K.L.:
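Sharing a structure below in structure tokens format, with a few things to ask.
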Protein chains: 2
Amino acid sequence: MSDPSAHSIPMPARPLANVDVVIFSVLDDALRVLLVRRPEAIGEPYPGRWALPGGFVDVERDRSLLDCALRKLSEKTGVLAPYLEQLGCWGDATRDPRGWSTTHVYFALIPGAEVVLQGGGGVADVAWLGVDSSARARRLAFDHAEIIDAALERLRGKVEYTSLPAFLVPEPFTLPQLQRMYEAVLGRRVDKSGFRTRMLAQDFLEPVGPIEGASKRPAMGFRLKDRSRATYFPRTFSPRG
Amino acid sequence: MSDPSAHSIPMPARPLANVDVVIFSVLDDALRVLLVRRPEAIGEPYPGRWALPGGFVDVERDRSLLDCALRKLSEKTGVLAPYLEQLGCWGDATRDPRGWSTTHVYFALIPGAEVVLQGGGGVADVAWLGVDSSARARRLAFDHAEIIDAALERLRGKVEYTSLPAFLVPEPFTLPQLQRMYEAVLGRRVDKSGFRTRMLAQDFLEPVGPIEGASKRPAMGFRLKDRSRATYFPRTFSPRG
DNA sequence: TTAATAGTGTCTATGAGACAGTATCAA
DNA sequence: TTGATACTGTCTCATAGACACTATTAA
């Protein structure tokens, strides 16, 4: 790390740099997204409005954008190792009244059972909101409604041909439980037999013995062979629509 | 747009904000990426090394990150309306010796014939480099080798199930020409009959009359019905590997 | 006629979708 | 035995892949 003043070329004005996280989970068979309420302090934009968890990059504390996203996620949910991927960047002169602003958005999938909502850290409230109408009905801060739309589109699109919903259910899970995650995200029923064949053919699940008590007949419990990445299927779910 | 000093909350230190563009094209049946040589001026990092075209966001001039990417692309290639999508963001404390730096990377597809390489703008040289070994063999500036790897992975992955290569060939084009674009990106041959069936079934091409002179027998010319977006196929190209 | 490229027909195997059927548990 | 859920078998149909075939031009 060098001292900027040692360079002869002047550095240009810099935009504000944020990181926001779209955290998805399935609760009560419904896909939900985590929102926090904006603080009411003087000078804060969108006071009291719902927003994605996030905030400025802390160049002293965060070694990278990913570090920053993991920090913001653990501050709000206590979850340390979720599925996390970069969604994209939004940046323009008008999205933040404080000036030219960029945000680097990550999207996370976490099992509903593992969540412990935590306030503090400059937010007055934390809550799960359904993605269908409630999130859109409330007026979100910044361009966060647009960002959530993009995250939803990415998630629903990828669920058609990846194992992403496996990150929405706590391990070990049964195939019927995993199927319910797919159905919650896709918003439609899928065939049981085809679902089983499809999942087992990809060889990304590892059986860990039957799970009892969850239903009448015990089902085989599975866990991911590799929690660090999703599996891609060679076809989408329903070509025939 | 408000004056930052009017707010009571102090703004944090800000990272440097860059935009870089990975510009792909197919020349001589080989996939290539556009690189520029870093300037040699005092204080410039990686002087004389090859790098992706890009640079600092100009908060006075660029209204958004996308504007900035389009500006940098047209400065180097003269192309105004290519296929352009966001690839992602890279940002950490060490990628630029001048300090905590973020870059917002876009990836572009342009037809080889339309390119007019243009120097100037602070670069000593501009060139197309093959993606296979030459780009990796030369030591690129910053983390641009890693970024190109990511762009290649994205491109090759999407080509399996999208119409992206249609943006690499000038309109109007014939199906055999389009097939050569697919083969150049994928690095393997594909079956002619299956290719034709697949392309025409998706209904994203519009016939515009036969093209003569290109070969012995004239072939039907096509153009995209919608140049603003790619078409997604329901299956990948070769499930059987 | 020949060479070269454009375009089509046909066979086969795969595998998804649908759904009926069987297995295994609790009560 | 009944009900509920887990799991399997089977039939059908669409289509990708392979490849041989025909069509249309220039020379």
Side-chain angles (χ1 to χ4, degrees), chain A residues 29 159-163 166 169 172-184 186-223 231-241, chain B residues 29 159-163 166 169 172-184 186-223 231-241:
Chain A
D29 285 331
V159 163
E160 295 280 358
Y161 60 94
T162 67
S163 66
V169 58
F173 52 83
T174 68
L175 284 177
Q177 284 170 344
L178 180 59
Q179 185 174 347
R180 273 191 286 280
M181 293 297 124
Y182 273 90
E183 292 173 340
L186 291 173
R188 66 169 192 264
R189 306 300 303 275
V190 301
D191 181 77
K192 183 172 46 171
S193 175
F195 182 82
R196 299 181 66 86
T197 309
R198 185 186 177 90
M199 292 300 131
L200 295 175
Q202 283 311 117
D203 196 40
F204 70 103
L205 295 174
E206 192 166 32
V208 293
I211 297 179
E212 323 198 0
S215 69
K216 302 287 184 173
R217 172 181 170 182
M220 180 58 70
F222 292 91
R223 63 182 191 82
T231 296
Y232 286 71
F233 305 142
R235 305 173 61 149
T236 56
F237 243 97
S238 253
R240 316 200 75 257
Chain B
D29 286 333
V159 162
E160 296 279 358
Y161 60 93
T162 67
S163 66
V169 59
F173 52 83
T174 68
L175 285 176
Q177 284 171 344
L178 180 59
Q179 184 175 347
R180 273 191 286 281
M181 293 297 125
Y182 273 89
E183 291 172 341
L186 291 173
R188 66 168 192 266
R189 307 298 304 276
V190 302
D191 181 77
K192 181 172 49 170
S193 175
F195 182 82
R196 298 181 66 86
T197 310
R198 185 186 177 89
M199 292 299 131
L200 296 175
Q202 283 310 117
D203 196 40
F204 70 105
L205 295 174
E206 193 167 31
V208 293
I211 297 179
E212 323 198 0
S215 70
K216 304 286 184 175
R217 170 179 172 183
M220 180 58 70
F222 292 91
R223 64 182 191 83
T231 297
Y232 286 69
F233 305 142
R235 304 175 62 150
T236 57
F237 242 95
S238 253
R240 317 201 74 257

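Just so it is clear: chains get the letters A, B, ... in the order the sequence lines come, proteins before strands, and each one is counted from 1. Quick caveat, the model's predicted, so the values are computed rather than measured.
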K.L.:
Whole-Å distance between C/dA18 C1' and A/Phe195 CZ?
P.N.:
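In whole Å, C/dA18 C1' lies 17 Å from A/Phe195 CZ.
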K.L.:
For B/Arg188 and D/dA16, give me the distance from atom CZ to atom C1', rounded to whole Å.
P.N.:
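In whole Å, D/dA16 C1' and B/Arg188 CZ are 13 Å from each other.
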K.L.:
Tell me the interatomic distance from B/Leu200, atom CG, to D/dT15, atom C1', rounded to whole angstroms.
P.N.:
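Atom-to-atom, B/Leu200 to D/dT15, this comes out as 15 Å.
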K.L.:
Are the side chains of B/Phe173 and B/Leu205 in contact, using a 4.5 Å heavy-atom criterion?
P.N.:
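Answer yes - side chains close enough.
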K.L.:
Reading DNA chain C from 5' onward, which residue's closest nucleotide shows up sooner: B/Arg180 or B/Gly194?
P.N.:
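Closer to the 5' end of DNA chain C: B/Arg180.
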K.L.:
Tell me every residue that passes side chain to side chain contact (heavy atoms under 4.5 Å, CB included) with B/Arg223, counting only those two or more places apart in sequence or in another chain.
P.N.:
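Testing B/Arg223 for side chain to side chain contact (heavy atoms under 4.5 Å, CB included), a comparison that skips the adjacent residues, returns B/Glu171, B/Glu206, B/Val208.
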K.L.:
Please work out whether the ring planes of A/Tyr161 and B/Tyr161 are parallel, tilted or perpendicular, with thresholds of 30° and 60°.
P.N.:
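Taking B/Tyr161 first and then A/Tyr161, their aromatic rings sit tilted (interplane angle of 30° to 60°).
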K.L.:
Quickly work out the A/Asp191 CG to D/dC7 P distance and round it to whole Å.
P.N.:
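Rounding to the nearest Å, CG of A/Asp191 and P of D/dC7 are 15 Å apart.
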K.L.:
Rounded to whole Å, please give me the gap between CZ in B/Arg189 and C1' in C/dT5.
P.N.:
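Between C1' of C/dT5 and CZ of B/Arg189: 13 Å.
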K.L.:
List the steps, then state whether side chain to side chain contact (heavy atoms under 4.5 Å, CB included) holds for A/Phe222 with A/Phe204.
P.N.:
CA-CA 10 Å; A/Phe222 292 91; A/Phe204 70 103; over 6 Å; no
K.L.:
When rounded to the nearest 0.5 angstrom, what distance separates CD in B/Gln202 from OG1 in B/Thr162?
P.N.:
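One gets 11.0 Å once the value is rounded to the nearest 0.5 Å.
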K.L.:
Need one value for B/Ser193: base, sugar-phosphate or nothing, where a base atom within 4.0 Å counts as base even if backbone is also close, heavy atoms only.
P.N.:
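The residue B/Ser193 makes base contact.
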K.L.:
Check the pair B/Leu175, B/Met220 against side chain to side chain contact (heavy atoms under 4.5 Å, CB included), reporting the backbone distance first and the verdict last.
P.N.:
CA-CA 8 Å; B/Leu175 285 176; B/Met220 180 58 70; over 6 Å; no
K.L.:
Are any protein N/O atoms closer than 3.5 Å to N/O atoms in nucleotides 21-24 of chain D? If there are, list each pair with its distance.
P.N.:
| residue | atom | partner | partner atom | Å |
| --- | --- | --- | --- | --- |
| D/dA23 | N3 | B/Arg217 | NH1 | 2.5 |
| D/dT24 | O4' | B/Arg217 | NE | 3.3 |

K.L.:
How close or far is atom P of C/dA6 from atom CG of B/Leu175, stated in whole angstroms?
P.N.:
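Taking CG of B/Leu175 and P of C/dA6, I get 10 Å after rounding.
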K.L.:
I want to check one thing: is the phosphate of D/dT8, taken as OP1 and OP2, less than 4.0 Å away from some side-chain N or O of A/Arg196?
P.N.:
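For A/Arg196, the contact criterion (side-chain N or O under 4.0 Å from OP1 or OP2 of D/dT8) is met.
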K.L.:
Nearest whole angstrom, please: distance from the P of C/dG17 to the OH of A/Tyr182.
P.N.:
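To the nearest whole Å, that distance equals 13 Å.
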K.L.:
So what's the dot-bracket for DNA chain D: Watson-Crick or G-U pairs under 3.5 Å, [ ] if a pair crosses, | if it pairs off-strand?
P.N.:
|||||||||||||||||||||||||||
K.L.:
Identify whether the distance between the nearest side-chain nitrogen and carboxylate oxygen of A/Arg188 and A/Glu160 falls below 4.0 Å.
P.N.:
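Result for this pair is yes, salt bridge flagged.
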K.L.:
To the nearest Å, give me how far apart CZ (A/Phe233) and C1' (C/dG17) are.
P.N.:
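It is 16 Å, rounded to the nearest whole Å.
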K.L.:
Report yes or no: does A/Thr174 contribute a side-chain atom to a donor-acceptor pair with the main-chain N or O of A/Gln177 at less than 3.5 Å?
P.N.:
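Yes; judged by distance alone, with no hydrogens or angles, the pair exists.
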K.L.:
Quick check: does any side chain N or O of B/Gln179 sit under 3.5 Å from a backbone N or O of B/Val190, one acting as donor and the other as acceptor?
P.N.:
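Yes, the answer is positive, given that a donor and an acceptor are paired below the 3.5 Å cut-off.
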